[in-house]
Amino acid sequence: YEDAIANLEVLRGRGDASRNALQLLGNVHLREDNHFLALEAYETSLRIHGFEGMDQSLRPLEFLVSRGLFPEAERYLATLEAVLPVDLEDDAEIQLSVAKAGLKLEQGDGKAAIFALEPIVKSSPLNGEALLLLAEAFRRGKAFPEAEFYLQRALSVPDKKHEVLVAL
């Protein structure tokens, strides 16, 4: 990993690092518990290469949140929002809102997550990720009937069925 970091840092220092190289650099730094350097690589990727799609842009956020690095995740999210195009598609807006709600939930603010997710589920009733997060927010708040209700709804989303069955 040290050699990979060194080589990728050389590319970054010369200004020759591609989006994938910078994301890989961030991932390797994160694996080595260099959180600040990982965040710096992820942000550099956004600043230099801009926005290329919500799936790819949200991946570093997911990595940071999964490690419990909430301040870093919020900073990355702010950088991402600064480079987003003005005419962002509706699906991308929803993905971003779901990611923000997921961050709030992981930070322990279930009420804020529910407040953000309920309108999404109302307008996109088959958004599996939103349904799962909403169910998890209710579960953490010990509102088990509501959690089960949203999980039962999520059963109709084919790509989330396995996760829903485990959650149930």
key: Results of side-chain hydrogen bond (donor to acceptor under 3.5 Å, both in side chains) for Tyr150 - residues two or more places apart only   = none

task = Provide the full list of ring pair (Phe, Tyr, Trp, His ring centres under 6.0 Å) pairs with a residue in residues 56-101, sequence neighbours left out, each pair given once.
result = none

By side chain to side chain contact (heavy atoms under 4.5 Å, CB included) - contacts of Ala82 (at least two apart) = none

query = Should Val98 and Leu103 be counted in the same cluster of Ile, Leu, Val, Met, Phe, Trp and Tyr side chains packed under 4.5 Å apart?
reply = no

request  = Only one of Arg31, His29, Glu32 passes side chain to side chain donor-acceptor pair (under 3.5 Å) with Tyr1; say which it is.
outcome  = Arg31

ask   = Taking only residues two or more places apart in sequence or in another chain, which ones pass salt bridge (Lys or Arg N to Asp or Glu O under 4.0 Å) with Glu136?
value = Arg139, Arg140

inquiry  = Can you give me the closest heavy-atom contact between Ser156 and Leu126, atom names plus distance?
reply    = OG-CD2, 3.5 Å

query = Are Leu80 and Leu96 close enough, and set up right, to give a side-chain contact (heavy atoms from CB on, under 4.5 Å), and what steps lead you there?
reply = CA-CA 10 Å; Leu80 173 60; Leu96 182 62; 4.1 Å; yes

task = Output yes when a side-chain donor or acceptor of Tyr42 lies under 3.5 Å from a complementary backbone atom of Asn27, and no otherwise.
result = yes

Path from Leu46 to Leu84 over hydrophobic side-chain contacts below 4.5 Å = yes

task = Mind checking the NZ-CG spacing from Lys104 to Leu117? Nearest 0.5 Å is all I need.
result = 12.5 Å

message = Suppose the criterion is side chain to side chain donor-acceptor pair (under 3.5 Å): which pairs have a residue in residues 85-99, not counting sequence neighbours?
response = Asp55-Gln95

key: Co-membership, hydrophobic cluster, residues Val157 and Leu132, 4.5 Å side-chain   = no

ask   = Hey, what do you get for CD1 (Ile5) to CG (Leu37), rounding to the nearest 0.5 Å?
value = 8.0 Å

task = Any pair with a residue in residues 62-71 that passes salt bridge (charged side-chain N to carboxylate O under 4.0 Å, His left out), sequence neighbours left out, goes on the list, sorted by first then second residue, please.
result = Asp33-Arg67

key: Under the side-chain hydrogen bond (donor to acceptor under 3.5 Å, both in side chains) test, residues paired with Lys100 that sit two or more places apart   = Glu81

task = Could you list all the salt bridge (charged side-chain N to carboxylate O under 4.0 Å, His left out) pairs where at least one residue sits in residues 109-128, not counting sequence neighbours?
result = none

message = Test of understanding: with side chain to side chain contact (heavy atoms under 4.5 Å, CB included), list the residues that count as partners of Leu168, not counting sequence neighbours.
response = Glu148, Leu151, Gln152, Leu155, Val164

query = What pairs with Arg75 under salt bridge (Lys or Arg N to Asp or Glu O under 4.0 Å), at least two apart in sequence or on another chain?
reply = Glu43

message = Filter on salt bridge (charged side-chain N to carboxylate O under 4.0 Å, His left out), then keep only pairs touching residues 9-22, sequence neighbours left out; what's left?
response = Glu9-Arg12, Arg12-Glu40, Arg14-Asp16, Arg19-Glu52

query = Can you list every pair that meets side chain to side chain donor-acceptor pair (under 3.5 Å) and has a residue in residues 124-133, with sequence neighbours left out?
reply = Glu129-Lys160

request  = Measure the NE2-OG distance between His49 and Ser18 for me, rounded to the nearest 0.5 Å.
outcome  = 6.0 Å

